[in-house]
Amino acid sequence: MAESDRPLAALLEDGLPLTPRPFDDWAHALGRTPESVLHTLQQWLDQGTLRRIGAIVRHHELGFDANAMTVFNIPDAQVDACGEALARVAGVTLAYRRERAEGWPYNLYCMVHGRDRAAVLDVIARAIADVGMAQYPHEVLFSCRRFKQTGPRRFRALPEAAAASAAAPEVFDAVAG
């Protein structure tokens with residue numbers, strides 16, 4: 001990415017302004033033409049630097065506050081196949097492999113979001129059955145409290161230490177019980 005395109009990437013990370021002509025707003029902010037902004041975005045799409053522009057749904061605000069990460073202890077020779085199958089299960093929003101840690105035998109993780117714990121547990125049970133992982137140890141870890149939820153930040157300047165410490169953290173409690 002050209003250094004001159006980094007400000008556009010920073011705006012992209014912040015999301016589209018909710019205005020009738022958001023790319024015009026970006027062009028104005030950057031001192032570019034809307035055509036230039038759209039051309040750069042199309043280049044990023046063509047190159048695969050940018051996959052798509054879409055909405056990020058804040059699931060808590062929509063009532064999806066029963067969220068669970070399930071961790072599995074899968075034999076290393078099977079973990080990639082199980083992870084790929086797990087990723088295809090409807091309702092699984094994240095699936096990834098991680099290194100085991102001392103005292104922590106789990107190497108496959110998945111996230112399920114739902115409106116209540118019963119619905120989340122149903123998705124997890126279906127995923128375990130569909131992927132054929134019933135024989136492997138696992139734990140379901142429901143979220144208790146959200147302290148922060150953002151997408152990655154790669155192009156914006158980091159906040160000053162004083163400003164960061166003064167900012168109130170984003171804290172929401174999840175479903176109790």
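All residue numbers in this chain count up from 1 along the given sequence.
Sorted by first and then second residue, the ring pair (Phe, Tyr, Trp, His ring centres under 6.0 Å) pairs with a member in residues 107-131 read H59-H113, Y96-Y109; sequence neighbours excluded. Residue pairs satisfying the ring pair (Phe, Tyr, Trp, His ring centres under 6.0 Å) criterion with at least one member in residues 116-146, sequence neighbours excluded, are listed as follows: F72-H138.
In this structure, H28 NE2 and R21 CZ are separated by 14.5 Å, a value rounded to the nearest 0.5 Å. In this structure, CD on Q42 lies 14.0 Å from CD on E35, to the nearest 0.5 angstrom. T33 OG1 to D24 CG: the interatomic distance, rounded to the nearest 0.5 Å, is 9.5 Å. The OG1 atom of T40 sits 11.5 Å away from atom CG of L12, with the distance rounded to the nearest 0.5 Å. Annotation: the span from D65 atom CG to R145 atom CZ amounts to 13.5 Å, rounded to 0.5 Å. Taking CG from L11 and CZ from F23, the interatomic distance works out to 11.5 Å, rounded to the nearest 0.5 Å.
For the pair T93 (side chain) and M111 (backbone), a donor-acceptor distance under 3.5 Å is present. At distances below 3.5 Å, not a single donor-acceptor pair connects side-chain atoms of D5 with backbone N or O atoms of L8. A donor-acceptor pair under 3.5 Å is formed between the side chain of N107 and the backbone N or O of I74.
In the hydrophobic cluster analysis, where Ile, Leu, Val, Met, Phe, Trp and Tyr join through side-chain heavy atoms closer than 4.5 angstrom, V37 is grouped together with M1. Hydrophobic clustering (side-chain heavy atoms under 4.5 Å, transitive across Ile, Leu, Val, Met, Phe, Trp, Tyr) keeps L108 apart from W104. The hydrophobic cluster containing F64 does not contain V89, counting ILVMFWY residues as joined when their side-chain heavy atoms lie under 4.5 angstrom apart, directly or transitively. Taken together through direct or relayed side-chain contacts under 4.5 Å among Ile, Leu, Val, Met, Phe, Trp and Tyr, L121 and M69 form parts of separate hydrophobic clusters. If you chain together hydrophobic residues whose side chains sit under 4.5 Å apart, V120 and M133 fall into the same group.
Between P137 and Y106, the shortest heavy-atom distance links the atoms O-CE2, 4.1 Å. Contact detail for T19 and P22: the closest heavy-atom pair is O-CD, 3.3 Å. The shortest non-hydrogen separation linking V92 to C110 is CG1-CB, 3.8 Å. Listed here is the closest heavy atom pair of W26 and P17: NE1-CD, 3.3 Å.
Applying the side chain to side chain donor-acceptor pair (under 3.5 Å) rule to E84 yields no partners; only residues at least two apart in sequence or on another chain are considered. Checked against salt bridge (charged side-chain N to carboxylate O under 4.0 Å, His left out), D25 has no partners two or more places apart in sequence or in another chain. A search for side chain to side chain donor-acceptor pair (under 3.5 Å) contacts involving R126 returns nothing, not counting sequence neighbours.
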Distance-only check: which donor-acceptor pairs under 3.5 Å involve side-chain atoms of residues 49-56, not counting sequence neighbours?
none

Before you tell me yes or no, could you show the steps for H60 and N67 under side chain to side chain contact (heavy atoms under 4.5 Å, CB included), namely the whole-Å CA-CA distance, both residues' side-chain angles and the distance that decides it to 0.1 Å? CA-CA 9 Å; H60 274 261; N67 308 304; 3.4 Å; yes
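One finds a salt bridge joining R100 and D76 here, because a Lys/Arg side-chain nitrogen approaches an Asp/Glu carboxylate oxygen to under 4.0 Å.
Heavy atoms from other residues, nucleotides or ligands lying under 6.0 Å from CG of L18 number 12 at most.
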